[in-house]
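Down below is the structure, laid out as structure tokens.
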Amino acid sequence: MKLEIQKVTKQYSKSKYGVKDLSLTLENGVFGLLGPNGAGKSTLLKMIATVSKPNDGVIYLNKNNMIKDPNYARKTIGFLPQDFGVYPNLNAFEFLRYIAAMKGVAGHKLETRIAQLIEGLNLMAVAKQHIGSYSGGMKQRVGIAQALLNDPKLIIFDEPTVGLDPDERVGFRHLVAELASEAIVILSSHIVSDIATISDQVGIMKDGQLLAKGEQHEIVKSTTGKVFEIEIDKDFLPALKESHIVINVTHQSEKLKVRYISDHPLEGSKLQEANLEDAYLHITKK
Amino acid sequence: MKALLSIIYLDYLKRIRSYSFLVTLCLSTAIAASFIPQPEASYSTVNVGGYTGFYNAAWIGTVTALMTSIFLSMFGFYLINGAIKTDRESGVGQIIASTPVGNFQYLFSKVLSNFLILFTIVLAVFAMSIMLFFFYDAGYPLDIGQFIKPYLLITIPALFFISVLAVVFEVLFKQYGVIQNIGFFFLFIALSSTAILDTTIVNFDIFNGKIASDQIIAAAEQAGSVPENSGLNIGFSLNQGQKGKKFLFEGTSFTNGFIISRLILVLISIIGVVLITPLFQRFRQSHIGRKKENKKASLETDSISGMRLESLSVPETDFGIMPILKTEFLLLVRSGKKWLWLLNLTGVVLLAILPLSIAHQFVLPILWFLQVGRISQLSSKEQAHKVHYFTWFSFKAMYRITCTQIIAALILMISLAVPLLLRYAFQLNLAAVGMVCLGAFTVVTFAFVLGILTKGKKLFEVLFFLVTYINVNGMSAFDYFGAMDHNNVHWYILIVMIIALMTIGLFKRYREIYA
Ligand SMILES: Nc1ncnc2c1ncn2[C@@H]1O[C@H](COP(=O)(O)OP(=O)(O)O)[C@@H](O)[C@H]1O
Ligand SMILES: [Mg+2]
């Protein structure tokens, strides 16, 4: 599988760009897309999923132009939209059968696959109830199941961990790792820890542009040597926030312990090892 | 109080920005305008024994006010109902439930925003009627009081009543949108027939403004040669060679008793809101129900690890439409309450046993109208439920979705009509068989295309109601299922309309899926 995104632009209105002149090439493995809300992650993923068309640029999947002829890609895409719904008066089996029909998946093995997905995503207990009665997390898992119905090779998960509890996140991570061996898996999140643990490669987006892309250690490298920790009085915090990127603050009796990023550290600061969250904040807050 | 006003205002804003509002607005002004035809027109719409009034302020004001109160009461209900449901579905209801806004205040705010919607339409019609007055300029002075009075006393109280009725229906029949739609249909017929029976003592006359129509008739009789017992005719009639039969109508004198009865109507409506307030569950019902099920389900929820991917079986591909068709049909059958199928069954039996003409003209359109809730979301349900990301962007979605939705709905409509079709078939009346099938296709086309164009179900529901009402009343202009006599042109127009609508609808859907 090879996905080539070339100079893709999505313009919502005259001055409003969802994605601007973005290029990216991906091969099998997990690509984690990080970015604050409104960065354009969903916009980009929808274009990759052939749900919306770019105003400019091309996307190729294995040399097939996905924009001109989306049908080639649609056979092999599994897409979990950020903002999806279900028919509330169908149960999980019926709903998955319906989506399977839409995706053109059929045959006697389909029933087995649906059962395996329902079992695997731990929905068996509720599978005969109408989806309208599901909790957010259960609905999310139905969404994940539908994305995997057709044995997809290009898998796009937009904010997949929303609504999943910590246990379920662990399960999801295993799932993604297995999927990635023979498919491109793209997932987006605005939560760094979700991405950090799963992704082979990470992209950081902001204002419709890809600010950084690469393996995690490469991205962290740019911030190495710039993360510090210092103890200060409470009163100094506003001033510190003005001039530096503050990552977190912990209270220690009278004092505050502050972790921050800076090219010019304050006196008395201790150098810290940088991680992906530091790099993310460094890149997006610049 | 201020919070309440802003709730009403925002609600109002949200709703007048909807497509169905715009359409109803245009439709209402168009209908009202059609009741004041050009002076030289060869037809009249409101007349007494072929006589129409001179175009003075009293005539134009009274006729448009009367007609607006009748027509807007009818389809206005469908425009405004569902206000509480929208809040429930959007989750706004739960937010409101957690605020200090009281139940009565909330319900009353819904009444008011309902009323504001209808009032906006009335204002538009009112403005248009004054414009018509100047446009046709028949040489009478602009007596603005003659315009305002009938609107104020006839139209506005009736619409306020409808605004309350919509809320009352929603509280009483909470989730049962179908009952609301169909219940109103029958209630409206009942109310408009009591209006004919009414006496001057007890005034049930909510929509018709009988006081005005009586006085119009009296004025016409005074003018001379009106045939005896001719009532106020509403509906298109050609005045063959009778052009210019006119009388002078100088306005309705509203008695104090009438004014009081209108005030009482408003008061009773408000009391109605008070009375149903204790029944209003404040968005709790569905909430609790949902919580319970969650608990039950989450008891067995551990983790999703343990999923073995390599053991997943790889299914074959098949891009046929049968499995989709099955689900589409299932969705149609499932929507609405189960016991509604008892009503359907009754309808089917009546189709089989009643005299053929009655079965065809009355039972069939009503039986089909009973399906309004099922088919009104035919093509908009994907977006309404946000499932379109899955369905629209699958392989060759356009062709597969379109075919299955239309076929599923056709199967539903035609299978309900099977007894009638068989009876005609035994008579070898193939023309009638064809027309019933064409009727089914017409309904499905409208449901499908209007759903695509408006992304909602309201407009279709409003139109379907209106057309059914007109048909059951025996006016043949909107007969789409061949129960009344027509020349061929009627059918050509219908077929051309279907083709045009389909083309527009498919074009828009194509743009949505592929652009
Ligand atoms: N349909 C739309 N019309 C106009 N603007 C949109 C639309 N969808 C998204 N946007 C805008 O594009 C930007 C990117 O949105 P999105 O892709 O949803 O971001 P993310 O998924 O990263 O939170 C946002 O500023 C958003 O307001
Ligand atoms: Mg998003």
Side-chain angles (χ1 to χ4, degrees), chain A residues 46 49-51 53 70-71 74-75 77 79 81 83-90 94 97-110 112-113 116-117 119-122 124-126 129 132-135 137-138 141 146 148-151 164-165 167-168 170-172 174-175 178-179, chain B residues 89 286 289-328 330-331 334-336 381-397 400-401 404 513-515:
Chain A
K46 274 193 231 167
T50 73
V51 168
K53 271 190 184 172
N71 277 329
R74 283 176 184 179
K75 282 193 243 180
I77 286 176
F79 178 38
D83 179 28
F84 73 97
V86 291
Y87 289 134
N89 51 7
L90 294 183
E94 289 162 343
R97 258 178 231 137
Y98 176 59
I99 302 295
M102 289 307 312
K103 293 187 167 194
V105 183
H108 64 277
K109 288 208 184 123
L110 172 65
T112 333
R113 185 162 178 118
Q116 285 167 333
L117 284 167
E119 180 74 56
L121 290 164
N122 210 20
M124 206 39 116
V126 290
Q129 292 173 21
S133 69
Y134 286 15
S135 70
M138 292 181 209
R141 280 180 271 146
Q146 68 74 32
L148 302 179
L149 275 169
N150 55 337
D151 198 26
L164 298 187
D165 62 30
D167 259 354
E168 291 166 351
V170 174
F172 181 73
H174 290 308
L175 173 65
E178 292 189 65
L179 288 169
Chain B
E89 284 177 353
S286 60
R290 188 175 278 195
K291 272 249 166 89
K292 247 189 226 152
E293 293 197 40
N294 284 356
K295 217 178 241 167
K296 194 171 78 194
S298 60
L299 276 181
E300 292 158 73
T301 306
D302 304 323
S303 85
I304 57 171
S305 51
M307 171 132 181
R308 304 301 307 161
L309 199 78
E310 55 268 47
S311 66
L312 270 181
S313 55
V314 179
E316 299 133 45
T317 47
D318 169 9
F319 291 104
I321 60 171
M322 275 322 282
I324 312 175
L325 186 60
K326 226 165 97 186
T327 315
E328 285 288 347
L330 195 68
L331 284 168
R334 284 247 177 102
S335 65
K381 61 177 183 302
E382 278 105 348
Q383 276 164 305
H385 292 120
K386 294 195 187 137
V387 178
H388 60 294
Y389 289 129
F390 303 144
T391 56
W392 284 4
F393 306 104
S394 52
F395 183 72
K396 298 211 163 137
R400 294 157 78 222
I401 294 179
T404 49
I513 294 185
Y514 291 105

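Residue numbers start from 1 in every chain, and the chains themselves are labelled A, B, ... in the order their sequence lines are given, proteins ahead of strands. Bear in mind the structure is a predicted one, so any value in this text is a computation, not a measurement. These numbers come from the heavy atoms of this one structure, side chains and all, not from hydrogens, waters or symmetry mates.
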Tell me, out of A:Pro88, A:Ala49, A:Pro70, who's got the most heavy-atom pairs with chain B below 4.5 Å.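 Most heavy-atom pairs within the cutoff with chain B belong to A:Pro88.
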
Name the member of A:Val86, A:Thr112, A:Ile99, A:Leu110 that forms the most heavy-atom pairs with chain B at distances under 4.5 Å.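 Sorted descending by pairs with chain B, the first entry is A:Val86.
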
Given that the side chain runs from C-beta out, which part of [X] has a heavy atom under 4.5 Å from chain A: side chain, backbone, both or neither?
{"X": "B:Arg400", "value": "side chain"}
{"X": "B:Lys381", "value": "both"}
{"X": "B:Leu325", "value": "neither"}

Can you tell me how far [atom2] of [Y] sits from [atom1] of [X], rounded to the nearest 0.5 angstrom?
{"X": "A:Tyr98", "Y": "B:Leu331", "atom1": "OH", "atom2": "CG", "answer": "6.5 Å"}
{"X": "A:Tyr87", "Y": "B:Glu328", "atom1": "OH", "atom2": "CD", "answer": "6.0 Å"}
{"X": "A:Arg97", "Y": "B:Leu330", "atom1": "CZ", "atom2": "CG", "answer": "9.5 Å"}

Should the ring pair B:Tyr389 and A:Phe79 be called parallel, tilted or perpendicular, given that the plane angle runs from 0 to 90° and is split at 30 and 60?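 It falls in the perpendicular class, over 60°.
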
Salt-bridge present (A:Glu94, B:Lys326; N to O < 4.0 Å):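 Between B:Lys326 and A:Glu94 there is no salt bridge, as every charged N stays at least 4.0 Å from the carboxylate O atoms.
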
For chain A, the option from B:Lys396, B:His385, B:His388 that forms the most heavy-atom pairs under 4.5 Å: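 The candidate making the most pairs under 4.5 Å is B:His385.
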
Checking heavy atoms, do the side chain of A:Asn71, its backbone, both or neither come under 4.5 Å from chain B?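 Looking at A:Asn71, backbone and side chain both touch chain B.
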
